[in-house]
Amino acid sequence: MTRDWWKHLILILGVIVVIAPFYMMVSYSFKSPGEIDRGEGGFFGRQELMIDPRCVALRDPSRDDIAAAADRFPGQSERQIRDALMAEAEVECSMHPVVFNYSKAFTEAPLLRYLLNGVIVTVSIFLLQVVVALPAAYALAKLKFWGREAVFGLVLFCLLIPVHAIALPLYILLAKLGLTNTYAALVVPWTISAFGTFLMRQFFMTVPDDLIDAARMDGMGEFAIVWRVMLPTAIPALLAFAIFSIVAHWNDYFWPRIVVTGNRDLFTPPLGLREFKGDGDGSFFGPMMATATVIVTPLIVAFLIAQKRFIEGITLSGMK
Amino acid sequence: MAGLNIENLTKRFDDVEVLKGVSLDVADGEFVSLVGPSGCGKSTLLRIIAGLEEQTSGDIKIADRSVAGLRAADRNLSMVFQSYALYPHLSVAENIAVPLRMRRLTATQRLPLVGRLMPGARIQADTISQDILTAAERLEIAHLLDRKPGQLSGGQRQRVALGRALVRDPAAFLLDEPLSNLDAKLRVQTRVEIAQLHRSLNATFIYVTHDQVEAMTMSDRIAVMMGGRILQCDTPEAVYDDPDTIEVAEFIGSPKINILPLTYGTDGQLSLFEQGLGLRGTGRIDGAVSLGLRPEALHLATENAVLRGTVAHSENLGSEVFVQVDIPGLENRVTLRATPSQRAFLRVGAPVSLGFDALAALVFDGNGHRVRGIQVAPRSATEVA
């Protein structure tokens, strides 16, 4: 037992707290509704064949169906034919819970459409944030102008304003402009990122002045310096910012819920989760958790790929 | 290539006056060093010439054309920085290409990916890569063209920075302490190479350094700067042998010049410790007079010399020995350059008598200005002993 065992203990407890919801999410996405309700089946569930009652209900044979099937079942009564057809339907509608959950996730709601919306919104937000934040950060870090410290103070002040405080005025503004229920409403309010400006400014402070002067001697204008010199040297910091920005807006439920009121074509993935919120007839936790798993997977994969550079970016160790 | 004229330049940062009226003319093809202690304004002067900093007043002309208000990019000057300032994300070839691409290609031709398809881009790209190769071969870095700056040694980076400066044909080269990040051996080697480069390019060089050895060995002329002024601008020989002020005499030369207090008699005789030196001033000399003697102007003398003391310390450099001598009545030790064969007489604590060459004596008045027209009495024309 090392002397630092208590540190590991605290960390392990922390990990359990963080991991538990993910464990539940992934586990539920594998299980049948019964297993979820009764809390059985371990992590993967028993994966026994289950019958989808809705699928069967949809195949409830009509009179015409029975008449059409009479050839296949010669000499049997209508009642027997109907039972035979129902049995066939049950066979066709039986599947493993994992298949049920994930196929429901994609068929019940247009999840692919929601994922595409998520990509469009988060990528546009991030690109526009970079277009605004990088020149601003460059000016705040490297250019000398009257009132620079005051402007930077304002940026820091903006970091303190919670989104929810300005949500209502923003909504009214967008509504008056007739922009609710558009991609613009999802993207535009987030294009100016105080956090991005702050983070990039801190990184740019570490870039040597000589490098910028050399670029000026080489014939670059100030914008050329931002895009051709500062941007490539700031890739680690930019990646860190990308993770923050993309995670925040990919997972955002609050803002899309406010500005997208009717048009389901504009739903982002978190809004898609609502589709499985059963109102009267119970909830579809299995498909819901399958959807949630599908939604978070791209982020986790992206983070794992960018992990090393991401940590570099946060610790601001870029140039030296 | 072009000459450069600086007229009465001043620069103020808030209430600190960094440059107090600097004037300097640099001829076409000349190598001028700006040398001075740190904080003397030499780097600021260079940055103002480059256009990276704006002067408070005064004018700069490059090739007889005023560059007031022109951006650094439009002045057609190349600069080499102390930290080399290479773009860390670009390869050596791309680093050297930047100034050419920014000047020869249009904005659309510089676009990533599609730029190559623009009309004329291919021909330009070919001439650019040809020029890069020529510059790289001149500096012997052709084998490094594909590497990133992070994979290069200090000396190699320094060459790439030089390559980036000389790949185009600028009006003048500005070098800001380019050797100070190199180790001592490489510095000596690169010093020679830069001097040779200057000769073969026949270009105008303005070279900022705090190291007087670099200034002495490479320059056509040295401008000694102190406190925001150019104290003297002349050939290395003149600055060393014939300094205008005591500050210049003290700054240039290693080890430092010996300064001894003199008295100026009413008869014009200059004397040290009440003993006449055979030096006679003409006219009035203000304030406390002092005598400057380079270590090599001193030599070991027989008895009865004016300067007598004991050896306090000696530094043997192999080819020569610098001996510090404690002289009673003097605050500072006097440094003497001796030959290694004399080391036997120069053990620490040994009494020594020093004579000096009166012709090499430099006399300064109380304000530190040089007093010229000192007459040397015939009897002591070669030695005062």
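A, B, ... follow the sequence lines: proteins, then strands. Residue 1 opens every chain.
In this structure, chain A has heavy atoms under 4.5 Å from both the backbone and the side chain of B:Arg110. Proximity to chain A involves both the backbone and the side chain of B:Leu77, based on heavy atoms less than 4.5 angstrom apart. With a 4.5 angstrom heavy-atom cutoff, B:Leu86 touches chain A only via backbone atoms.
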In sequence, state the C-alpha distance, the side-chain angles, and the governing distance for B:Thr10 and B:Thr56, and then conclude on side chain to side chain donor-acceptor pair (under 3.5 Å). CA-CA 6 Å; B:Thr10 65; B:Thr56 310; 4.7 Å; no
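With chain A as the partner, the residue from B:Arg71, B:Gln82, B:Arg47 showing the most heavy-atom pairs under 4.5 Å is B:Arg47.
The number of heavy atoms from other shown groups lying within 6.0 Å of CG (A:Asn263) is above 12.
Applying side chain to side chain contact (heavy atoms under 4.5 Å, CB included) to A:Leu174 and the options A:Val259, A:Thr182, A:Ile258 leaves one that passes, A:Val259.
Donor-acceptor pairing under 3.5 Å is lacking for the side chains of B:Tyr84 and B:Asn95.
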